[in-house]
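Here is the structure we will look at, set down as structure tokens.
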Amino acid sequence: MAFDHVTWIKAASYLGSGLAVGFGAIGAALGEGYTAGKANQVLAYRPRMSGDILKTMLVGQAVAESAAIFALVISMLLVFGGLGGPTPLSAWAYLGAGLAAGLSAVGSGVGSGFPAAAACEGIGRQPKASGQVTLIMLIGSAITQTPCIFGLVIAFLLMFVDFSAKPYYPYWAALLGAGLSTGLAAIGPGAGGGLVGASACKSVARHPEAQRPVTTAMLVGIGTTQSTAIYGFLISLILLFKSFPASTSYVPSFALLGAGFAMGFGGIGPGIGEGITGGYALDQVGRIPEKATLLTRTMLVGQAVSESTGIYSLVVALLLVLNA
Amino acid sequence: MEELTKVWTWSLDVAGFHLVFNATTIVMTLTIMGLLIAFGWFATRQTGLVPNPFQVVAELFVETFWNLTKDALDEDMAKTYFPLICSLFMFLLLCNWIGIFPYMEEPTKDLNTTLGLGLMGFFIAHYAGIKTKGFAAYAKEYFQPVFFMMPLNVIGELAKVISISFRLYGNIMGGSIIILVVSHLVYGLLIPPFLYAFFGLFVGTVQAFVFTMLTLVYISVQVK
Amino acid sequence: MKDFKKKRDTLEYLALVTQLGLTMAGSILFCFVIGYFLDKWLHTKGLFLVIFIVLGVVGGAVTVYRQITQLPKE
Amino acid sequence: MEFSGADLIRAAALLGAGLAMGLGAIGPGVGEGYAAGKACEAIGRRPEEAGLLTRTMLVGQAVSESTGIYSLVVALLLMFVVQ
Amino acid sequence: MKGDPLERADLSGYHGYQRRLARGAFTVSVMTGLLAYVAGYGAAAKGLVLGSLFSVLNFVLMAQILPYQLGVGANRTRATGIALGSLGVRLALMAVPLIVAARSDRFNFWAAAAGLFTIPVAIFVDHAFLQRFSRFRIQEH
């Protein structure tokens, strides 16, 4: 059975669109479900606070949902944007775009749920600090969206840069690998950034006067957490724009695909791990703000060591790309 | 991305070896050296109580890095190594900044430059160690805490060179890649200037400082 | 000036800490290259590669440990 | 596109290298992060023991790093030794 | 479930906040759209207003669903299921302006897509800047 390339491109863009919006919705829904669960717990012992808790939840979820909306925009563009291409290479580009947008929305969606839940809990505990807690929550979940924006940028590049003059082998793997690398590598940092933001909200609720050290430590913590997402983004850019010679075998194609998988999966673990570290460190910053410097330094050392596996993945991915 | 890999080279065959010279890097490095020498000449030409602008800038650099070196090393040791540290920073700063100007390329975008600077720091640090402690004490340190740690210690010292040079190279190269991609994206001239400014100035300054700082720290570790 | 000193301390700390992972990777890569060329030279299939990678890993770990213990205390 | 058996083996080895490193990095990353987090918590409780706790944290992380290093070794072997 | 806590709850502040935010965000986006229209970017203006209209609609729907979701939140699996369902419905709703804008020349697609982010941006601006000044602060209790 043989189809012409138009069929393949259509099929791939529909598949990519479904993956994008599906993954995006799942991530945001998991985050919202977690928030609802936490809010319900708080409501059980603070029924009077329901108005404030609902307000916090609403604000948190409306911001968290932007990850899903990014995925929706990509998905609609894939179906209705009138995209096409002269060669079957475009099919892989559109599939990669859908994967990048969808997978990266999972991490940010789940991650934004954590600060929202922690903020509900914190406001239930310390109603007077609601202004500070909401502000920290908003900053935390806004920065948590950064990996998702990386995915969006890669998806746009895959959709709108013209690759049609390139050889089919090994470019199909480069395009798919670019999508996978950014998409998968964004999951860990998204969720990890959420964990840091959640602990920051808890800390501010406990000690509203420690808002400044907590905000600084949170920004540092989320910043280092997102370094693996930046590695994934970098590998994607190299895969997209480095010129590969046309090949007559499968070897370079699978090397490029392997590079995408290596950096993509390799970014998940360090991202989550660094987020856990940052979370515990911020809990303690809120408890004893006068030791904030010591705690931030210990956090940085721990994060740097757990980042090393991410750097191994980056090295392996680079070697695979250069070998191709 | 093709623009990044395309470099202007001179190749030469000497005694059976095929030598390739990276012409862009050589020319840009020489330009920067010329600029720095000119700067030094202007700054010290007419020193006085009412300084000329060049002298103000030079005094700022000297004062900052004198304090820095004094903190890390002893006072008399600092006198020996301060000129190196200060000029290394000024050289790197100019290297990282020069990409802002059109038709100019950062020499630090070439791994050869950064690896050369890293090796320079390595040799100077070990020379300083041998000179202050004597060769026997220096060599003995490699067999601390137990004798079979020797290969590991050697690897550790060499790894420092690689990591320090790859770090500078990676940061400057990463900045260039992102600027190129964005230029591809917008097909225009609106955003790239800001990006040039950001990557060239901010990241360049931080990385130059970090490289200098690390070289200083490596020297101070060897000396102590 | 006080403020600059404080900022500089933070920057120095950050520089040293972000160097850790790179040191580990650099040491492994360095040993990997040595092992790779030894393998090519002696026509062994991956023996020296494995030995040198393990050496690089342990050496990197030792260096990282040293660097962390040498980090400036507050 | 024709392909030989050797080609297929090499291609599978390269893809396998990528997957080995990628999947192998998940566990150590999370584990080391957890260890560091617990260390931060303990330092918050007893800041005067920071040095001892940092050293213990590093030993624990070095042990959990070993699986990541195994993946790295396997990935490099797959890339450069399998022909 | 013994005694729905929401029945005893005071939700007037919540509804007030929601109404104030939705109205403010929509007014600002319509103003921006008018300015853009006068400046000659007709398609972009229409797209922006269309996008922000659906963003506000989505926000109102979400706000109406939330109290219900809070009630079932004790069971996390059910809460997640309901969140997924409501998110699916709302995403389908938000797809409408994008499809319309992609199919028709009278609406700019990118402006419509930007309009969908009206509410998150409004929330952020509201909390980061406006809450600092007492004139705009929400009346607490």
Side-chain angles (χ1 to χ4, degrees), chain A residues 169 177 184 188 192 228 248-285 287-288 291 294-295 297-299 301-303 305-310 312-313 315-317 319-320 323-324, chain D residues 1-4 6-48 50-51 53-54 57-58 60-62 64-65 67-69 71-76 78-80:
Chain A
Y169 294 96
L184 286 171
T228 42
T248 51
S249 79
Y250 283 124
V251 178
S253 315
F254 278 82
L256 296 179
L257 199 58
F261 274 121
M263 194 57 243
F265 282 123
I268 296 178
I272 295 177
E274 287 170 41
I276 295 173
T277 310
Y280 278 118
L282 271 162
D283 275 346
Q284 298 303 320
V285 170
R287 226 168 55 82
I288 34 171
K291 288 281 175 193
L294 173 68
L295 285 165
R297 292 185 165 196
T298 313
M299 175 184 84
V301 170
Q303 286 184 329
V305 176
S306 98
E307 170 113 355
S308 57
T309 40
Y312 300 160
S313 304
V315 169
V316 167
L319 284 175
L320 280 169
N323 245 14
Chain D
M1 171 106 335
E2 58 191 276
F3 65 96
S4 59
D7 250 17
L8 191 67
I9 289 171
R10 181 115 179 85
L14 290 174
L15 184 64
L19 282 173
M21 190 60 243
L23 293 173
I26 296 179
V30 176
E32 286 168 30
Y34 190 73
K38 280 291 177 193
C40 282
E41 197 180 17
I43 287 175
R45 291 257 158 71
R46 308 192 59 184
E48 67 278 6
L53 288 167
T54 313
M57 174 187 89
L58 285 174
Q61 284 185 323
S64 75
E65 174 99 358
T67 47
I69 289 166
S71 336
L72 178 69
V73 173
V74 169
L76 289 175
L78 281 173
M79 271 194 286
F80 291 99

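Proteins get letters first, then strands, A, B, ... in listed order; numbering begins at 1 in each. When reading the values below, keep in mind they use all heavy atoms of this one structure, side chains included, and skip hydrogens, waters and symmetry mates.
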One should read off an interatomic distance between D:Ile69 CD1 and A:Ser308 OG, to the nearest 0.5 angstrom, of 7.5 Å
A:Gly266 and D:Ala25 have their tightest heavy-atom pair at CA-CB, 3.7 Å
Bottom line for A:Leu257: the part with an atom under 4.5 Å from chain D's heavy atoms is both
Heaviest contributor of heavy-atom pairs below 4.5 Å to chain D, chosen from A:Pro270, A:Gly188, A:Ala259, A:Gly264, is A:Pro270
So OH of A:Tyr250 and CG of D:Leu8: to nearest 0.5 Å the spacing works out to 8.5 Å
* **A:Thr309 side chain to D:Glu32 side chain, donor-acceptor N/O pair below 3.5 angstrom** => no
Turns out that what part of A:Ala317 lies under 4.5 Å from chain D's heavy atoms comes down to neither
Looking only at heavy atoms, the pair that brings A:Phe254 and D:Leu15 closest together is CD2-CD2, 3.6 Å
If one checks every heavy atom of D:Ile9 against chain A at 4.5 Å, the contacting part turns out to be neither
Heaviest contributor of heavy-atom pairs below 4.5 Å to chain A, chosen from D:Thr54, D:Val30, D:Leu19, D:Leu53, is D:Val30
The interface call for D:Leu72 against chain A, heavy-atom contacts under 4.5 Å, is side chain
Here the pair of heavy atoms bringing A:Ile288 nearest to D:Pro47 is CD1-CG, 4.2 Å
Whatever's closer than 4.5 Å to a heavy atom in chain D on A:Met263 counts as neither
Distance col, row A:Tyr312:OH vs D:Leu76:CG, nearest 0.5 angstrom, shows 11.0 Å
Counting heavy-atom pairs under 4.5 angstrom with chain D, the leader among A:Gly271, A:Gly279, A:Ala255, A:Gly278 is A:Ala255
Nearest heavy-atom approach of D:Arg10 to A:Val251 is CG-CG1, 3.6 Å
*Counting only heavy atoms not in D:Tyr34, do more than 12 fall under 6.0 Å of its OH?*
no
Here the gap from D:Asp7 atom CG to A:Thr248 atom OG1, rounded to the nearest 0.5 Å, amounts to 7.5 Å
Could you walk me through whether A:Val301 and D:Met57 satisfy the side-chain contact (heavy atoms from CB on, under 4.5 Å) test, starting with their C-alpha distance in whole Å, then the side-chain angles of each, then the deciding distance to 0.1 Å, before giving a yes or no?
CA-CA 10 Å; A:Val301 170; D:Met57 174 187 89; 4.0 Å; yes
Of all heavy-atom pairs linking D:Ala36 and A:Gly302, the shortest is CB-CA, 3.6 Å
- Item | Beyond-backbone contact of D:Met79 with A:Val316, side-chain heavy atoms, under 4.5 angstrom | yes
If one checks every heavy atom of D:Ala39 against chain A at 4.5 Å, the contacting part turns out to be neither
So, the part of D:Glu41 with a heavy atom under 4.5 Å from chain A: the answer is both
Closest non-hydrogen atoms of A:Tyr280 and D:Gly37, given as atom of the first, atom of the second and distance, are CB-O, 3.0 Å
